[in-house]
Peer 1: 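The structure that follows is given in the form of structure tokens.
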Amino acid sequence: MTEPGRFIVFEGGEGTGKSTQARLLAAALQRAGREAVLSREPGGPPGAELLRRLLIETPPAGGWEPVSEALLHYAARAEHLNKTIVPALAAGRWVVCDRFADSTEAYQGAGLALAADALQPLRRLVVDDIEPDLVFVLDMDPGAGLARAKRRSANADRYERMDRPFHDRVRAAFQEIARRGGDRYVVVDAAAGVDDVSAAVRSAIERRLGLRLEG
């Protein structure tokens, strides 16, 4: 019988380094002899990538209604889970993902003030019991994160263009999600250097999941 894979997620606000750390972890897993699938949300399979473009790159003038936005995110997540994540885990691969369902709670829930009772049924319907084995919440001051994101790209996406109170609410939501989530969540100071954050991630993988990774 194939040993089930593991599901690792990076969460956090804009400019916290999620994509970089997900890529570094996937490479470290490959070096350790584990098959790793690197993915992102919204995104992954073709249908989810199409929805990503609608959400982030080419939204309608004036943006989406919060409930419409949440529905689109969960539509993309359903595609991602059924066509990428679940098959990979069943085949014994490790899935490393830049964002998952907690981002919808933080961004559309706290950030856009969509009530939790609107989001919870969607999470139950789409995610059910497929939860990450470990979630890294990369935490830093939103102003510093946005400045970092701006240095990375002069063309800010629609979330990066949201006002500072929006990003403050998102950060507070991630902190609360991590506090509620217990041992499956690891909060990492994203203001530290890339190598320091990566070392903290590898240390947590060894401590929580029993796999030693080299830098």
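These numbers were taken from a predicted model, which means no experiment stands behind them. Hydrogens, waters and symmetry mates play no part in the numbers below; they use all other heavy atoms, side chains included.
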Peer 1: Show me the donor-acceptor pairs, under 3.5 Å and distance only, between side chains in residues 85-93 and residues at least two apart or in other chains.
Peer 2:
{"from": "Arg93", "atom 1": "NE", "to": "Glu35", "atom 2": "OE1", "distance (Å)": "3.2"}

Peer 1: Under the side-chain contact (heavy atoms from CB on, under 4.5 Å) test, which residues partner Val126, sequence neighbours left out?
Peer 2: Tyr74, Arg77, Ala78, Leu81
Peer 1: Output all residues satisfying ring-ring contact (aromatic ring centres under 6.0 Å, His included) with Phe136, sequence neighbours left out; order by chain, then residue number.
Peer 2: Phe10
Peer 1: Determine whether Leu38 and Asp98 make a side-chain contact, defined as any pair of heavy atoms from C-beta on separated by less than 4.5 Å.
Peer 2: no
Peer 1: To check you understand the geometry: which heavy-atom pair defines the closest contact between Ala149 and Glu160, and what is its length?
Peer 2: CB-OE2, 3.7 Å
Peer 1: Work out which heavy atom in Arg158 is nearest to a heavy atom in Gly63; give both atom names and the distance.
Peer 2: NH2-CA, 4.3 Å
Peer 1: Applying side-chain contact (heavy atoms from CB on, under 4.5 Å), can you list everything that pairs with Ser203, at least two apart in sequence or on another chain?
Peer 2: Arg207
Peer 1: If the condition is side-chain contact (heavy atoms from CB on, under 4.5 Å), which residues does Ala32 pass it with, not counting sequence neighbours?
Peer 2: Leu213
Peer 1: Looking at residues at least two apart in the chain, or sitting in another chain, which of them share a side-chain contact (heavy atoms from CB on, under 4.5 Å) with Thr84?
Peer 2: Val37, Ser39, Pro45, His80
Peer 1: Could you tell me the separation between the CD1 atom of Ile205 and the CG atom of Asp133, rounded to the nearest 0.5 Å?
Peer 2: 9.0 Å
Peer 1: Does the side chain of Phe174 reach to within under 4.5 Å of the side chain of Tyr107, using non-hydrogen atoms?
Peer 2: yes
Peer 1: Any non-hydrogen side-chain atom of Leu209 less than 4.5 Å from a side-chain atom of Ile8?
Peer 2: yes
Peer 1: Of the non-hydrogen atoms in Val170 and Ala106, which two are nearest, and what is the gap between them?
Peer 2: CG2-O, 3.6 Å
Peer 1: Per the side chain to side chain donor-acceptor pair (under 3.5 Å) rule, what does the pair list look like for residues 43-66, sequence neighbours excluded?
Peer 2: Arg40-Glu49
Peer 1: For Val188 and Ala200, which heavy atoms make the closest approach, and how far apart are they?
Peer 2: CG1-CB, 4.1 Å
Peer 1: Side-chain contact test, heavy atoms from C-beta onward, threshold under 4.5 Å: evaluate it for Pro142 versus Asp168 and give yes or no.
Peer 2: yes
Peer 1: Is Asp128 salt-bridged to Arg124, cutoff N-O under 4.0 Å?
Peer 2: no
Peer 1: Are Leu211 and Leu29 close enough that some pair of their side-chain heavy atoms sits under 4.5 Å apart?
Peer 2: yes
Peer 1: Hydrophobic cluster membership, with links at side-chain heavy-atom distances under 4.5 Å among I/L/V/M/F/W/Y: are Val67 and Val127 in one?
Peer 2: yes
Peer 1: Looking at side-chain heavy atoms only, is the closest gap between Val135 and Val186 below 4.5 Å?
Peer 2: no
Peer 1: Walk me through whether Leu138 and Glu11 qualify under side-chain contact (heavy atoms from CB on, under 4.5 Å).
Peer 2: CA-CA 6 Å; Leu138 304 189; Glu11 295 281 17; over 6 Å; no
Peer 1: Could you state the interatomic distance from CG (Leu51) to CD1 (Ile56), rounded to the nearest 0.5 Å?
Peer 2: 10.5 Å
Peer 1: Through direct or indirect side-chain contacts below 4.5 angstrom among Ile, Leu, Val, Met, Phe, Trp and Tyr, which residues connect to Leu50?
Peer 2: none
Peer 1: Val9 and Pro132: which non-hydrogen atoms are nearest, and at how many Å?
Peer 2: CG2-CG, 3.5 Å
Peer 1: Nearest 0.5 Å please: distance from the CG atom of Leu55 over to the OG atom of Ser68.
Peer 2: 10.0 Å
Peer 1: If you count every heavy atom of other residues, nucleotides or ligands that lies below 6.0 Å from Asp163 atom CG, does the total exceed 12?
Peer 2: yes
Peer 1: To the nearest 0.5 Å, how far apart are CG in Leu146 and CZ in Arg164?
Peer 2: 7.5 Å
Peer 1: How would you list, by chain and number, every residue that makes a side chain to side chain donor-acceptor pair (under 3.5 Å) with Asp139, sequence neighbours excluded?
Peer 2: Arg171, Gln175
Peer 1: For residues 108-121, please give each side-chain donor-acceptor pair under 3.5 Å, one per line with the distance, not counting sequence neighbours.
Peer 2:
{"from": "Gln108", "atom 1": "NE2", "to": "Glu69", "atom 2": "OE2", "distance (Å)": "2.7"}
{"from": "Gln108", "atom 1": "NE2", "to": "Tyr159", "atom 2": "OH", "distance (Å)": "3.2"}

Peer 1: Which is it for Arg148 and Met140 under the side-chain contact (heavy atoms from CB on, under 4.5 Å) test, yes or no, and what are the steps along the way?
Peer 2: CA-CA 11 Å; Arg148 182 190 280 177; Met140 69 185 297; 3.7 Å; yes
Peer 1: List the steps, then state whether side-chain contact (heavy atoms from CB on, under 4.5 Å) holds for Leu24 with Val194.
Peer 2: CA-CA 10 Å; Leu24 290 172; Val194 171; 3.7 Å; yes
Peer 1: Output every pair passing salt bridge (charged side-chain N to carboxylate O under 4.0 Å, His left out) with a member in residues 13-24, not counting sequence neighbours, ordered by first then second residue.
Peer 2: Glu14-Arg99
Peer 1: Side-chain heavy atoms under 4.5 angstrom apart, residues restricted to Ile, Leu, Val, Met, Phe, Trp, Tyr: same cluster for Phe7 and Val137?
Peer 2: yes
Peer 1: Can you sort out the partners of Gln30 under side chain to side chain donor-acceptor pair (under 3.5 Å), two or more places apart, ordered by chain and number?
Peer 2: none
Peer 1: According to a hydrophobic-cluster definition based on side-chain heavy atoms being under 4.5 Å apart (Ile, Leu, Val, Met, Phe, Trp, Tyr only), do Leu134 and Val95 belong together?
Peer 2: no
Peer 1: Please check if the side chain of Arg6 supplies one atom and the backbone of Trp94 the other of a donor-acceptor pair under 3.5 Å.
Peer 2: no
Peer 1: Go through the steps for Glu41 and Ser103 under the test side chain to side chain donor-acceptor pair (under 3.5 Å), then give the verdict.
Peer 2: CA-CA 9 Å; Glu41 287 209 349; Ser103 275; over 6 Å; no
Peer 1: Minimum heavy-atom separation for Ala76 and Pro42, please, with both atom names.
Peer 2: CB-CB, 4.1 Å
